2 protein chains.
Amino acid sequence: MLDTIKPDARPLYAQVRDILIERIHTGTWSPGQSLPSEMSLAAELGVSQGTVRKALNTMADDSIIERRQGKGTYVTEHTSTQVLFKFFQIYEANGNRIEPGTGKSKLKINRASKEVARSLKLKPGEEIIEITRLRTHNNNPIIDELIILPRKLFSGLELQKNLPNTLYDFYQRDYAITVSEVEENLTASVATKKQAKELNLKEGAPLLVIDRIAADIEQTPIERRISYCTTDNLKYVAKLR
Amino acid sequence: MLDTIKPDARPLYAQVRDILIERIHTGTWSPGQSLPSEMSLAAELGVSQGTVRKALNTMADDSIIERRQGKGTYVTEHTSTQVLFKFFQIYEANGNRIEPGTGKSKLKINRASKEVARSLKLKPGEEIIEITRLRTHNNNPIIDELIILPRKLFSGLELQKNLPNTLYDFYQRDYAITVSEVEENLTASVATKKQAKELNLKEGAPLLVIDRIAADIEQTPIERRISYCTTDNLKYVAKLR
DNA sequence: GAGTGGTCTAGACCACCCT
DNA sequence: GGGTGGTCTAGACCACTCT
């Protein structure tokens, strides 16, 4: 395995990181499973324990893996609450977390427009799956959501009768796709007549529009999601350093 | 200096980090200046170079300092463009960065309401400085902004005739206050008659409301800022991992 | 007690920056 | 050439987890 590591290129720990990410991506180690110990990885790859450690720590920073003292290193497994905690930035106005439910939802196959194709790195006209659903909190509708998926990555999903409430753990479990980072573009708009009806608002009420691209651990975009969110009693929270 | 480091408490590198942050905070090293080398810090504090390095690297992660190979370690200095790059998340719809200008601005002394006091960790009724200003892009008004500062931290600021366009580098230069992290709460609203007039919109047009708390390197809140932002051709960008 | 990751040390070599 | 941070190694001890 030493020959996979060439001298003089990028730092050793970055090369080790790439090898480990590749293995996770191809399923050598699956979500929830443990990786070999630092010592055995070091021996196998022909580098020192410290170098493996640095690679593992950068991966833990990106939450690709989780490390637990005394136990081992585990591939991050998406559970519904854990995904929610990580990628759902909407809180009640008083700061409490929300666990949204799902109301009625619809699914159809479509073809990617130029704009959608560009955002998901597809060719215009490639097949996409479009899901629209209404999300709820305490039985009140709060978010009108449109989800766009490349069909080639999610074959058979359109046959699924009832999609689960939280999708990212489902993507990982059923399609081996792990969402690792998302970019969200936020704007404000006012409710159309249709949105007002669905969200139980007056036409012209303000809505927060969250336009999200989600990518996997190799930075390939795998989902576009556009959410129209009421902010009467809700807010979107972002922290910057 | 070894006695400042007690055994058995938090990890050594965290204690080193605390000492260094404290020194930066009290002005032993000022923004833009270089810290001593790893070797001399290690010798002075009685720890190994590796421990100092770990402390410095975590501080660099939090951009309290900047490290340059071959040159040295520098206390992060806020420059107007650098601050903008870091804490201003608003882009043109096409993704281009914005460098906002400032239109008319007003300043007054006031007393903190309960809500403001809570957000800035003040006592209700403590004196605050309130600045309202209009921000522009390509000579068009885009943001209506209210800035609230604890007067005790910014004494004499109310006498300043013309406040600069970017404030965080000014806080650092004139008040030795370095903004290190911000939390932003986003909601949507519709323009009041007054806002519509100032921002050159129709009454009822959608606005993105950005309610920000900025804190210094010791996590003390030092500014509240509420921005009402048009999103016709603008968007707020957030990245999550 | 054995195995894991977390911390800490010590020393080597490299790449980069200055004079 | 001398000083800086960046990488890499090797080994020690500690804290935690499980059996």
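Letters go in sequence order (proteins before strands), and every chain restarts at 1. Keep in mind the model is a prediction, meaning the values are calculated, not measured.
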Partner residues of [X] under the side chain to side chain contact (heavy atoms under 4.5 Å, CB included) criterion, sequence neighbours left out:
{"X": "P221(B)", "value": "L120(B), K121(B), I213(B)"}
{"X": "R173(B)", "value": "D169(B), F170(B)"}
{"X": "D18(B)", "value": "R10(B)"}

Any donor-acceptor N/O pair under 3.5 Å between dT7(C) base and R53(A) side chain: yes
Side-chain atoms of V47(A) come closest, of dC8(D), dG6(D), dT9(D), to dT9(D)
Of the candidates dT9(C), dT7(C), dC8(D), the side chain of P11(B) sits closest to dT7(C)
The correct set of residues in residues 33-41 of chain A placing a heavy atom under 4.0 Å from DNA chain C is S37(A), E38(A)
Under a 4.0 Å heavy-atom cutoff, the residues of residues 59-75 of chain A touching DNA chain C are R67(A), R68(A), Q69(A), G70(A), K71(A), G72(A), T73(A)
Without hydrogens or angle criteria, can the side chains of N185(A) and R212(A) be said to hold a donor-acceptor pair below 3.5 Å? no
Rounded to the nearest Å, what distance is computed from the [atom1] atom of residue [X] to the [atom2] atom of nucleotide [N]?
{"X": "Y13(B)", "N": "dT9(C)", "atom1": "OH", "atom2": "P", "answer": "13 Å"}
{"X": "L56(B)", "N": "dG5(D)", "atom1": "CG", "atom2": "P", "answer": "8 Å"}
{"X": "R10(A)", "N": "dC8(D)", "atom1": "CZ", "atom2": "P", "answer": "11 Å"}
{"X": "Q49(A)", "N": "dC13(D)", "atom1": "CD", "atom2": "C1'", "answer": "13 Å"}
{"X": "K54(A)", "N": "dT9(D)", "atom1": "NZ", "atom2": "P", "answer": "12 Å"}
{"X": "Q15(B)", "N": "dG6(C)", "atom1": "CD", "atom2": "P", "answer": "19 Å"}

Please check if the number of heavy atoms outside N94(A) that lie under 6.0 Å from its CG is greater than 12.
yes
Note to self: Check this for me, if you would: do E145(A) and R225(A) make a salt bridge, where the nitrogen-to-carboxylate-oxygen distance has to be below 4.0 angstrom?
What the structure shows: yes
In plain terms, say whether R68(A) and E66(A) are close enough for a salt bridge, that is, a side-chain N and a carboxylate O under 4.0 Å apart. yes
* Asked: For dT7(D), does either OP1 or OP2 sit under 4.0 Å from a side-chain N or O belonging to T51(A)?
  -> no
Practice problem: Measure centre to centre between the rings of Y171(B) and F154(B), then say whether the value is under 6.0 Å. | Solution: yes
Donor-acceptor pairs are to be reported for all side-chain atoms of residues 49-57 of chain B against protein atoms at under 3.5 Å, with residues two or more places apart or in another chain.
unit_1, atom_1, unit_2, atom_2, d
Q49(B), NE2, E38(B), OE1, 2.9
T51(B), OG1, S48(B), OG, 3.3
R53(B), NE, E38(B), OE1, 3.2
R53(B), NE, E38(B), OE2, 2.9
R53(B), NH2, E38(B), OE1, 2.6
R53(B), NH2, E38(B), OE2, 3.1
N57(B), OD1, R67(B), NH1, 3.0

